[in-house]
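Data block below; observations after.
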Number of protein chains: 2
Amino acid sequence: MGSSSALGVLAEPSRREILDLLRGGEQSVGDLVGHMRISQPAVSKHLRVLKEAGLVDARADAQRRLYRINPGPLEELDDWLAPYRGFWAARLDHLESHLDRRRKR
Amino acid sequence: MGSSSALGVLAEPSRREILDLLRGGEQSVGDLVGHMRISQPAVSKHLRVLKEAGLVDARADAQRRLYRINPGPLEELDDWLAPYRGFWAARLDHLESHLDRRRKR
DNA sequence: CAGCTATATAACTGTCAAGGCATCTACGGA
DNA sequence: TCCGTAGATGCCTTGACAGTTATATAGCTG
């Protein structure tokens with residue numbers, strides 16, 4: 001159960017969208033639904049998958065459930081990526097334009 | 001067509017296995033098949049997907065096709081991950097054990 | 001308690017993709 | 001040219017999974 005599982009979970013665009021939304025901080029299910037085009041049950045199911053993969057945590061606030069990012073699996077994904085970094089790090093000819101791109105964020 | 005596509009492609013364990021094998025350098029299809037438990041056609045199909053996603057390149061050598069890693073999409077995945085890095089970078093209490101883990105490779 | 005709100009679960013359906021086997025194509029050697 | 005090898009492609013079956021609607025559960029409010 002390495003970063004592998006996280007990759008499978010993140011393959012779903014809706015789940016990446018949820019994570020993106022959660023980058024702004026804790027959100028209730030209803031908040032998330034309001035920003036997405038799928039039904040509330042669909043969002044709930046994605047949240048379940050994300051939670052089982054450890055990518056989000058939830059806490060209860062009355063009837064609402066507030067979800068937030070749990071970075072652990074993303075960190076593992078970062079580790080998985082590590083051995084590949086050398087493949088582009090060595091390509092210095094591309095490095096500069098890459099840094100340019102990142103600087104623009 | 002951002003890192004999204006790469007994530008979908010990498011969700012497949014067999015495809016990650018192929019990439020791992022290719023980290024050792026160029027490999028023919030037969031070489032790859034020899035290290036995996038799926039049939040030759042299955043490997044060929046995965047290679048096609050990987051190639052269409054730009055994750056590998058191929059060159060011909062007589063009847064053989066030699067495949068190798070193309071890091072571009074992985075770099076994009078790295079970029080996708082960037083906005084999330086702050087989530088664990090700030091958790092200094094976990095940093096040390098994380099470094100321990102990495103040191104053991 | 002009655003009723004409302006917020007979320008989760010159930011049951012069902014349609015789509016898609018991975019894997020296998022059989023076959024086709026390309027190249028090289030005798 | 002004929003055969004063997006390497007790989008790709010076609011077809012088929014099967015399983016996983018996203019999405020929907022309907023319903024269940026939990027907590028708040030009057």
Protein-nucleotides 22-30 of chain C N/O pairs under 3.5 Å:
{"residue": "dC27(C)", "atom": "O2", "partner": "Gln63(B)", "partner atom": "NE2", "Å": "3.3"}

Could you check whether atom CZ of Arg23(A) has more than 12 heavy atoms from other residues, nucleotides or ligands sitting under 6.0 Å from it?
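Correct, the count exceeds 12.
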
More than 12 heavy atoms of other residues, nucleotides or ligands under 6.0 Å from CZ of Arg68(B): is that the case?
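No.
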
Could you check if a side-chain atom of Leu32(A) sits within less than 4.5 angstrom of a side-chain atom of Leu22(A), using non-hydrogen atoms only?
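In contact.
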
Test of ring centre spacing under 6.0 Å for Tyr84(B) and Trp88(B)
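That pair fails the under 6.0 Å test.
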
Does OP1 or OP2 of [N] have a side-chain N or O of [X] closer than 4.0 Å?
{"X": "Ser39(A)", "N": "dA18(D)", "answer": "no"}
{"X": "Arg64(A)", "N": "dC28(D)", "answer": "no"}
{"X": "Tyr67(A)", "N": "dA6(C)", "answer": "no"}
{"X": "Arg48(B)", "N": "dA8(D)", "answer": "no"}
{"X": "Ser44(B)", "N": "dG7(D)", "answer": "no"}

side-chain hydrogen bond (donor to acceptor under 3.5 Å, both in side chains) partners of Arg15(A), counting only residues at least two apart
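Arg15(A) satisfies side-chain hydrogen bond (donor to acceptor under 3.5 Å, both in side chains) with His46(A) once adjacent residues are dropped.
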
Partners meeting side chain to side chain contact (heavy atoms under 4.5 Å, CB included) with Val33(B) (sequence neighbours left out)
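Expected list: Val29(B), Gln40(B), Val43(B).
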
Length of the [atom1]-[atom2] vector between [X] and [N], whole Å:
{"X": "Leu47(A)", "N": "dT9(C)", "atom1": "CG", "atom2": "P", "result": "11 Å"}
{"X": "Leu50(B)", "N": "dA17(C)", "atom1": "CG", "atom2": "P", "result": "14 Å"}
{"X": "Ile38(B)", "N": "dG19(C)", "atom1": "CD1", "atom2": "C1'", "result": "8 Å"}
{"X": "Glu17(A)", "N": "dA18(D)", "atom1": "CD", "atom2": "C1'", "result": "14 Å"}
{"X": "Lys51(A)", "N": "dA8(C)", "atom1": "NZ", "atom2": "C1'", "result": "11 Å"}
{"X": "Leu32(B)", "N": "dA8(D)", "atom1": "CG", "atom2": "P", "result": "10 Å"}
{"X": "His46(A)", "N": "dC17(D)", "atom1": "NE2", "atom2": "P", "result": "12 Å"}

Nearest nucleotide by nearest heavy atom, which residue falls closer to the 5' end of DNA chain D, Ser14(A) or Asp61(A)?
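Closer to the 5' end of DNA chain D: Ser14(A).
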
Verify same cluster id: Leu19(B), Leu66(B) (apolar side-chain graph, 4.5 Å):
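No, separate clusters.
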
Residues two or more places apart in sequence or in another chain: which of them pass salt bridge (Lys or Arg N to Asp or Glu O under 4.0 Å) with Arg59(A)?
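Glu26(A).
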
Among all residues two or more places apart in sequence or in another chain, which pass the salt bridge (Lys or Arg N to Asp or Glu O under 4.0 Å) test with Asp57(B)?
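By the salt bridge (Lys or Arg N to Asp or Glu O under 4.0 Å) rule, Asp57(B) matches no residue at all.
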
Base dT20(D) paired with Lys45(A) side chain (donor-acceptor, <3.5 Å):
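Side chain to base: pair found, below 3.5 Å.
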
Scan residues 23-30 of chain A against DNA chain D and write down, sorted by residue number, each residue with any heavy atom closer than 4.0 Å; if none is found, say none.
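Nucleic-acid contacts, sorted: none.
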
